[in-house]
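Take a look at the structure below.
Predicted model only: the values in this text are computed from it and were never measured. In each ligand, atom 1 is the first atom listed, and ligand 1 is the first ligand listed.
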Amino acid sequence: MHKSILILGACGQIGTELTLALRERYGNQQVIASDIREGSAQLMASGPFEMLDATNYGALEDVVMHYEIEEVYLMAAMLSATAEKFPMRAWNLNMNSLFNVLNLAKDKKIGKVFWPSSIAVFGPNTPKENTPQHTIMEPSTVYGVSKQSGERWCDYYHKKFGVDVRSIRYPGLISWKTAPGGGTTDFAVDIYIQAIKEGKYSCFVSEETRLPMMYMDDAIRATLAIMDADAEQIRVRSSYNLAAMSFSPADMAASIREHIPGFSIDYEPDFRQAIADSWPSSIDDSEAQKDWGWSPEFDLEKTTREMLTNLK
Ligand SMILES: NC(=O)c1ccc[n+]([C@@H]2O[C@H](COP(=O)([O-])OP(=O)(O)OC[C@H]3O[C@@H](n4cnc5c(N)ncnc54)[C@H](O)[C@@H]3O)[C@@H](O)[C@H]2O)c1
């Protein structure tokens with residue numbers, strides 16, 4: 001019999017694909033999806049679902065006890081662009097959901113936790129190119145502040161209480177199954193959708209804005225790999241840098257034109273430009289490579305091919 005797993009925020013961009021991947025591996029009945037809203041038809045049909053607010057400790061504990069949950073993946077959060085509009089809601093959701101899960105692990109009600117951090121933990125004073133694992137971190141967004149605080153708490157709960165929490169600083173994620181949820185890198189998904197629908201795209205960050213990105217399949221593989229690793233391999237208990245590729249909207253447009261020659265793009269930067277400008281352009285993930293064998297498979301060319309084929 002496989003272990004029981006709970007996913008919080010399972011209906012989002014990452015949660016949907018993570019749930020399907022975990023169900024494929026451990027069996028549909030072993031993986032409990034939960035969220036405050038229903039997800040895609042494919043997700044809802046694939047296994048058990050609980051309507052669950054991750055900030056409600058009592059309700060969360062009930063579900064954990066009922067299903068005898070051993071591992072929790074906490075994917076519920078408010079993302080960077082939305083969090084700038086609702087700072088206190090973002091702080092309360094991002095922090096309280098994390099404390100609830102960490103406290104369940106501290107009290108030995110669950111055994112292992114996955115919690116994602118982000119490149120948003122870095123800020124304008126961080127070295128922009130090949131950003132190291134350990135460096136200046138002065139995030140200038142509400143979201144980044146919540147992720148950096150979360151990282152410190154994960155490290156603290158590991159050192160102080162022996163909690164087995166594992167984390168990755170995801171770059172911007174590109175996927176076609178579920179729409180992105182209000183982050184600064186949403187343009188990297190929208191551009192493909194609009195390229196197919198309209199043959200043109202108006203981008204909310206400038207053409208030279210180069211950011212670290214990753215195709216969803218790589219992100220899911222990394223998530224499963226870090227959770228599979230032996231506990232002693234995981235030497236970083238705040239969160240690991242993770243990288244695959246870095247490119248700008250202009251690079252994306254050129255890559256799309258290889259398939260849709262008439263594709264055109266213009267640029268109308270909005271408030272998200274300042275968020276993007278505060279983040280690194282490329283990431284050094286050598287610690288993830290060394291500690292648990294990380295290596296990406298998707299570059300921009302392969303990502304463009306997958307996105308255009310699947311979205312069509
Ligand atoms: N997508 C990215 O590019 C990216 C990059 C870096 C880090 N991350 C992190 O990965 C995690 C998942 O991101 P995502 O892109 O899937 O986000 P998303 O916005 O697509 O999904 C989040 C899900 O959480 C749910 N949710 C909101 N409040 C909830 C609550 N109180 N209780 C339970 N569920 C709730 C939402 O309904 C949604 O389905 C987040 O922690 C995010 O910060 C994402």
Side-chain angles (χ1 to χ4, degrees), residues 6-21 32-40 43-44 49-60 63 72-83 86 89-101 113-122 139 141-151 154 165-190 211-216 218-220 222-223 226 239-244 272 275-276 279-280 283 303:
L6 174 64
I7 299 157
L8 303 166
C11 301
Q13 189 194 6
I14 307 174
T16 300
E17 301 207 29
L18 180 64
T19 304
L20 295 172
I32 317 306
S34 74
D35 203 297
I36 50 170
R37 60 176 175 127
E38 289 197 354
S40 68
L43 179 82
M44 298 306 287
F49 177 82
E50 291 282 339
M51 206 53 95
L52 177 61
D53 177 350
T55 64
N56 182 338
Y57 182 83
L60 172 59
V63 170
V72 173
Y73 292 72
L74 170 51
M75 311 313 283
M78 195 183 289
L79 303 200
S80 58
T82 313
F86 309 104
R89 268 172 54 193
W91 177 257
N92 289 334
L93 169 58
N94 296 2
M95 299 316 294
N96 292 338
S97 59
L98 178 59
F99 279 123
N100 285 347
V101 174
V113 175
F114 178 81
W115 171 81
S117 186
S118 157
I119 55 165
V121 291
F122 300 116
T141 62
V142 172
Y143 176 70
V145 170
S146 77
K147 289 294 185 188
Q148 214 218 337
S149 310
E151 286 192 8
C154 287
V165 55
R166 302 166 183 216
S167 177
I168 285 169
R169 291 171 181 151
Y170 290 130
L173 297 183
I174 302 176
S175 68
W176 54 271
K177 273 195 185 155
T178 311
T184 302
T185 53
D186 288 10
F187 71 86
V189 174
D190 296 342
L211 290 167
M213 298 280 184
M214 183 174 282
Y215 189 58
M216 186 62 83
D218 270 344
I220 299 297
T223 307
I226 194 175
S239 190
Y240 278 94
N241 276 7
L242 193 74
R272 290 168 282 194
I275 303 178
W279 290 354
I283 298 284
T303 299

Note to self: Checking T19 against Y73: is there a side-chain donor and acceptor pair closer than 3.5 Å?
What the structure shows: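 There is no such pair between these side chains.
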Notebook entry, point to check: Side chains of S175 and Q13: do they bring a donor and an acceptor to under 3.5 Å?
Noted result: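 Short answer, yes.
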Notebook entry, point to check: For F122, which residues count as a ring pair (Phe, Tyr, Trp, His ring centres under 6.0 Å) partner, sequence neighbours excluded?
Noted result: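 For F122 there are no ring pair (Phe, Tyr, Trp, His ring centres under 6.0 Å) partners, ignoring immediate neighbours.
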Enumerate the pairs of nitrogen or oxygen atoms, one from ligand 1 and one from the protein, separated by less than 3.5 angstrom; state names and distance to 0.1 Å.
| residue | atom | partner | partner atom | Å |
| --- | --- | --- | --- | --- |
| ligand 1 | 1 (N) | Q13 | OE1 | 2.9 |
| ligand 1 | 3 (O) | L173 | N | 3.0 |
| ligand 1 | 16 (O) | Q13 | N | 3.2 |
| ligand 1 | 16 (O) | I14 | N | 2.9 |
| ligand 1 | 20 (O) | Q13 | N | 2.8 |
| ligand 1 | 31 (N) | D53 | OD1 | 2.8 |
| ligand 1 | 32 (N) | A54 | N | 2.8 |
| ligand 1 | 37 (O) | D35 | OD1 | 2.7 |
| ligand 1 | 37 (O) | R37 | NE | 3.0 |
| ligand 1 | 39 (O) | G12 | N | 3.2 |
| ligand 1 | 39 (O) | D35 | OD2 | 2.7 |
| ligand 1 | 39 (O) | R37 | NE | 3.2 |
| ligand 1 | 39 (O) | R37 | NH2 | 2.8 |
| ligand 1 | 41 (O) | K147 | NZ | 2.8 |
| ligand 1 | 43 (O) | Y143 | OH | 2.5 |
| ligand 1 | 43 (O) | K147 | NZ | 3.1 |

Checklist line | Validation row: T141, Y143 side chains within 4.5 angstrom (heavy atoms) | finding: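 T141 reaches Y143 side chain to side chain.
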Checklist line | Counterpart residues, side-chain contact (heavy atoms from CB on, under 4.5 Å), relative to A179 (two or more places apart) | finding: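 A179: no side-chain contact (heavy atoms from CB on, under 4.5 Å) contacts found.
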Next item on the list: Check side-chain hydrogen bond (donor to acceptor under 3.5 Å, both in side chains) between S80 and all other residues, then give those that pass, not counting sequence neighbours.
Entry: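 Only T184 meet the side-chain hydrogen bond (donor to acceptor under 3.5 Å, both in side chains) criterion with S80.
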